[in-house]
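Below: one structure, written as structure tokens.
The sequence lines fix the lettering, A, B, ..., with proteins before strands; numbering per chain opens at 1. If you're wondering where the values come from, they're calculated on a predicted model, not measured in any experiment.
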Number of protein chains: 2
Amino acid sequence: MQNKNTSQAALKLWKQALCELVGRQGPDLSSRQMAIMLTVYLEQPPHTVRGLAAQLQISKPAVTRALDTLSKMELLKRKPDEADRRSINVIRTVKGSVYLSEIADIIEQAAWKNLT
Amino acid sequence: MQNKNTSQAALKLWKQALCELVGRQGPDLSSRQMAIMLTVYLEQPPHTVRGLAAQLQISKPAVTRALDTLSKMELLKRKPDEADRRSINVIRTVKGSVYLSEIADIIEQAAWKNLT
DNA sequence: TTGCCTTATTTCGCAACCGTAACGGTGATG
DNA sequence: CATCACCGTTACGGTTGCGAAATAAGGCAA
């Protein structure tokens with residue numbers, strides 16, 4: 001077990017960011033949906049359904065459903081792969097980029113509060 | 001908008017911790033449930049249904065349902081208030097403490113990865 | 001005691017999500 | 001061509017969550 005104060009600070013950071021997210025209006029994403037968003041926007045493309053399912057250790061239908069929801073919100077988009085037409089690529093949108101930058105701000109603010 | 005590298009680091013921290021949580025078996029808590037857990041364990045007691053609802057800006061029945069789920073998992077417990085028997089206090093459990101310390105470890109490890 | 005306020009819970013109808021399994025379309029191999 | 005493997009989606013049955021409204025029970029004051 002690690003230093004207690006460090007653990008406490010880590011949890012407080014998480015709590016403040018999370019509470020802000022819970023309390024705000026707008027898209028209320030589940031953990032899985034958020035994890036998919038972050039993977040698509042932070043990792044190198046291409047992102048396929050199968051790849052996302054493997055990386056997050058969830059089932060493929062779960063990924064499909066999450067993509068349905070997220071693309072309805074215009075936070076990301078499906079783009080059929082021209083080379084292998086069985087596959088689709090999941091790509092970013094402007095709206096998604098804006099959304100994630102807001103999340104980043106919230107986390108940064110929470111971090112600032114916990115370091116001072 | 002703040003420094004781009006800082007934002008990116010904040011999101012990567014969030015992503016790594018979240019992906020670890022999503023990928024693990026065991027309790028799969030929603031954002032609200034997690035927010036309640038963190039509030040109960042990090043803020044000063046007492047914690048009532050009304051108080052939690054106000055603090056997280058969600059409805060009282062939503063809190064009641066979250067407490068049902070969380071107490072079934074033994075991550076926290078209801079304890080009727082002796083003084084005012086309309087109220088209940090939400091209190092901690094050993095299992096909940098252990099669970100949160102695991103979360104803390106995950107966040108710390110993610111933070112370590114992003115600082116090196 | 002009566003009436004009213006507060007607290008938490010339950011009920012209702014509805015929507016979202018889950019995993020398993022089956023399905024249709026595409027590529028690859030003979 | 002025929003077959004087989006692969007990819008994403010859909011169908012299905014079940015679980016869980018939601019908000020609004022109604023309910024149950026305790027406190028409080030006239």
Choosing from C:dT10, D:dC7, C:dG19, which nucleotide comes nearest the side chain of A:A62?
C:dG19
Nearest heavy-atom pair of A:E108 and B:A10: which atoms, and what distance?
CG-CB, 4.0 Å
When the distance from CG of A:L67 to C1' of D:dC7 is rounded to whole Å, what number comes out?
13 Å
Starting at the 5' end of DNA chain C and moving along, which residue's nearest nucleotide shows up first, A:E82 or B:P61?
B:P61
Can you tell which of D:dG26, C:dT26, D:dG19 lies closest to the side chain of B:S59?
D:dG19
OP1 or OP2 of C:dC17 under 4.0 Å from side-chain N/O of A:T69
yes
Atom pair CE (A:M34) and CG (A:L75), whose distance is rounded to the nearest 0.5 Å
9.0 Å
To the nearest Å, give me how far apart CZ (B:R86) and P (C:dA8) are.
9 Å
Using a cut-off of less than 4.0 Å, is there contact between a side-chain N or O of B:R78 and OP1 or OP2 of C:dT9?
yes
Looking only at heavy atoms, the pair that brings B:E43 and B:R92 closest together is O-NH2, 3.3 Å
Reckon B:S87 touches a base, only the sugar-phosphate, or nothing at all at heavy-atom distances under 4.0 Å?
sugar-phosphate
Would you confirm whether A:E20, through its side chain, and A:A17, through its main-chain N or O, come within 3.5 Å as a donor-acceptor pair?
no
Between atom CG in A:D68 and atom C1' in C:dC18, what is the gap in whole Å?
14 Å
Treating A:T93 as the side-chain partner and A:E74 as the backbone partner, does any N or O pair qualify as donor plus acceptor under 3.5 Å?
yes
Would the base of C:dT26 count as contacting A:R85 through its side chain, where contact means a donor and an acceptor less than 3.5 Å apart?
no
When we call it a touch if two heavy atoms are under 4.0 Å apart, what does A:R65 touch: a base, just sugar-phosphate, or nothing?
base
Distance alone, cut at 3.5 Å: any donor-acceptor contact between the side chains of A:T39 and A:Q55?
no
Atom pair distance, as rounded to whole Å: NZ in A:K60 and C1' in D:dT10:
12 Å
To the nearest 0.5 Å, what is the distance between OG (B:S71) and CD1 (B:I91)?
11.0 Å
Without decimals, in angstroms, what is the distance between A:Q57 CD and C:dC18 P?
15 Å
Calculate the interatomic distance between B:K79 atom NZ and C:dA8 atom P; express it in whole Å.
15 Å
The correct set of residues in residues 31-53 of chain A placing a heavy atom under 4.0 Å from DNA chain D is A:T48, A:V49, A:R50
Measure from the side chain of A:T64, starting at C-beta and using heavy atoms only, and say which of D:dC6, C:dC5, D:dT10 lies closest.
D:dT10
Check the distance between D:dC18's P and B:I58's CD1 and give it to me in whole angstrom.
7 Å
Whole angstroms only, please: what is the CG-P distance between A:D81 and D:dC7?
12 Å
